[in-house]
Amino acid sequence: DATATGIYGSRGANGVVLITTKTGSKGSAKIEFTSRTSSGSMMKPQGMMNGKEYAQITNESYALNNQTLPFDNIESLTTNTDWLDAITRNSFREDVSLSISGGGNKTTYYISGNYLYDKGILLASDNKRASLRANVNSEVTNWYTLKFQLSLVRQSTNRAISNAHAWPDDGGSFLDGLRASPLIELDYLGYNGKGVPGYSGYWFANPYNELASKTDILKNDNTIANIENWFKITSDLQFVLNLGINHSLSRRQVFFPESTSRAHSVNGTGSNRMANTYSYNLNGFFTYDKTFQEDHTINATLGAEYNKQIVEQLNTSSSNFDVPEFGIYNIGSAKTQSVGSYRADRSILSSFMRLNYSYKGKYLLNSSFRLDGASPFAENKKYGFFPSAAVAWNIAEEDFLKDLQLFSTAKIRTSYGVTGSQAIGEYSSLARYNSSLYEIGSSGTTVTAVYPESLANANLSWERTKQFNAGIDLSM
């Protein structure tokens, strides 16, 4: 409900998933090694017509339309290409992990490495991933504790499906394999996509060639580092200072030679896309946890947070290759070039407070208040205030219900809160402009033109969701 997610601000508007990574424990070093290997194949692959059956159906279709039959001697046909079999294979998966953990009285550690190789059922599809993770917790002094987490991941994926590229639909090579004629040879390249003598139409999207000849590689590098500093001020009061960094580097290299349906008309096409994403997070908060006179328990949090995100992209696309052998390694050799770049910045500044009160574990009050400021909104609308509160009566702790020994849990609860969402583009409140090349004059001089793309919105503000919940929890 809104009380549970409200403390996380706008990033918790659609719910919160808490992930706890493994940590070490005190004691001698513990080493674990795990290796998993598996393979797979298609279950009940679709039965396909052979060449003679396809020719018979084609003749019947022509006869219904009073056309000359294309195959006059079906028994002489020998070509029987099983396209589905040609573009699929048995899959293979290998997953290897190694970890070491341990620690002493003051410091514990957990370090793990993992390698994954996954070969897909579809030809030219595989995924490789290597990762390294480390968690270190150290009680430096009796008033200062340091916690450090690090995650490094490198992934390389060969993509079998590279978006729409096959006529007449956009199903990719698998769908092409289901509908391709078995009378077409596996290595055929040309305009006879039906396998009918004398036919000429669109360039044939050869399912095998579409996969085997193209290149589509996606590489990702992700680095996540987090440092937590815990300061014990008193036995009831602590201050926590966190610094987190998240960096993602993504590169995608694509090349389609002239023999593919997507690039045949443009003599080959290629692209190179690079995206850099940096995210920095700094937050600090006080926590107070105190029980008074054995009956009254207060838990309070007060803090502030700053988050900055920067996205940088560079995109190039090329076509018309005289030397297609260069492939992805020199797409600049093409005659037609296009280059684009992009940058976006987003920042969030927040303050928050949470107060929980319990009386004898029977009567509960939870409340949170958060003030968020997000850069995408209009100048006078950047900040939003989001309160929430919940009350509950834990009837199971009452003497009259304890004596019955009927319920292990019995609670009546209700809550109300407001959450906010800032899921809009970085500069949505501003008047935005774009650029384009434009030819002027009889000489065809090319100049850069700037044109408006969207109008400013001085009232663009937070999306607010008000939520009310009431319920009864019972278990026996």
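Position 1 is the first residue of the sequence; numbering continues from there. Values reported hereafter were calculated over all heavy atoms of this structure, with side chains retained and with hydrogens, waters and symmetry mates removed.
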Enquirer: Tell me, yes or no, whether the heavy-atom count around Lys194 atom NZ, taken from other residues, nucleotides or ligands under 6.0 Å, exceeds 12.
Expert: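 Not more than 12 within 6.0 Å, no.
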Enquirer: Using 30° and 60° as the class boundaries, would you call the ring planes of Phe321 and Phe255 parallel, tilted or perpendicular?
Expert: perpendicular
Enquirer: Quick check: Tyr202 with His264 (ring centres under 6.0 Å apart)?
Expert: no
Enquirer: What I want to find out is whether Asp126 reaches Lys128 closely enough, with some N-O distance under 4.0 Å, to be called a salt bridge.
Expert: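 Answer for the salt bridge query: no.
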Enquirer: Does Tyr208, at its OH atom, have more than 12 non-hydrogen atoms belonging to other residues, nucleotides or ligands within less than 6.0 Å?
Expert: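 Open.
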Enquirer: Heavy-atom distance under 4.5 Å between the side chains of Tyr188 and Thr81, does that happen here?
Expert: no
Enquirer: I'd like to check Asn209 versus Leu186 (side-chain heavy atoms, cut-off strictly below 4.5 Å). Are they in contact?
Expert: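 Asn209 does not reach Leu186 side chain to side chain.
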Enquirer: If we ignore angles and hydrogens, is there a donor and acceptor under 3.5 Å between the side chains of Arg133 and Ser112?
Expert: no
Enquirer: Is the closest side-chain heavy-atom distance between Tyr278 and Ile245 below 4.5 Å?
Expert: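 Contact flag for Tyr278/Ile245 side chains = no.
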Enquirer: What's the shortest heavy-atom distance between Ile87 and Phe174, and which atoms?
Expert: CD1-CA, 3.9 Å
Enquirer: Go through the side-chain N and O atoms of Gln149 and Asn226 and say whether any donor and acceptor fall under 3.5 Å apart.
Expert: yes
Enquirer: Looking at every non-hydrogen atom in both residues, tell me the closest pair between Ala225 and Leu150 and how far apart they are.
Expert: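 Looking at all heavy atoms of both residues, the closest pair is CB-CD1, 4.1 Å.
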Enquirer: Are there more than 12 heavy atoms of other residues, nucleotides or ligands under 6.0 Å from atom CD of Glu60?
Expert: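 For Glu60, atom CD is crowded (more than 12 foreign heavy atoms under 6.0 Å).
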Enquirer: Within the supplied structure, the quantity of interest is the number of heavy atoms (other residues, nucleotides, ligands) at a distance under 6.0 Å from Leu64 CG; does it exceed 12?
Expert: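 Check passes, neighbour count above 12.
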Enquirer: Show your working on salt bridge (charged side-chain N to carboxylate O under 4.0 Å, His left out) between Lys219 and Asp221 and close with a plain yes or no.
Expert: CA-CA 7 Å; Lys219 297 180 179 180; Asp221 292 325; over 6 Å; no
Enquirer: Can you pull the salt bridge (Lys or Arg N to Asp or Glu O under 4.0 Å) pairs that have at least one residue in residues 462-476, sequence neighbours excluded?
Expert: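 Those involving residues 462-476 are Arg413-Asp473.
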Enquirer: Would Asn114 and Asp95 count as having a side-chain donor-acceptor pair, cut-off 3.5 Å?
Expert: yes
Enquirer: Does a side chain donor of either Thr316 or Gln337 reach within less than 3.5 Å of an acceptor in the other side chain?
Expert: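 No, Gln337 and Thr316 have no side-chain donor paired with an acceptor closer than 3.5 Å.
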Enquirer: Which atom names give the shortest non-hydrogen contact between Phe386 and Gly420, and what distance separates them?
Expert: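 Nearest pair, atom of Phe386 first, then Gly420: CE2-CA, 3.5 Å.
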Enquirer: Any idea how Phe377 and Trp462 line up, ring-wise: parallel (<30°), tilted (30 to 60°), or perpendicular (>60°)?
Expert: tilted
Enquirer: Please confirm whether the backbone N or O of Asp345 pairs with a side-chain atom of Tyr427, one donor and one acceptor, at under 3.5 Å?
Expert: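 It does hold such a pair.
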Enquirer: In terms of side-chain geometry, is the basic nitrogen of Arg370 or Glu305 positioned less than 4.0 Å from the acidic oxygen of its partner?
Expert: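 Looking at Arg370 and Glu305, the cut-off is met.
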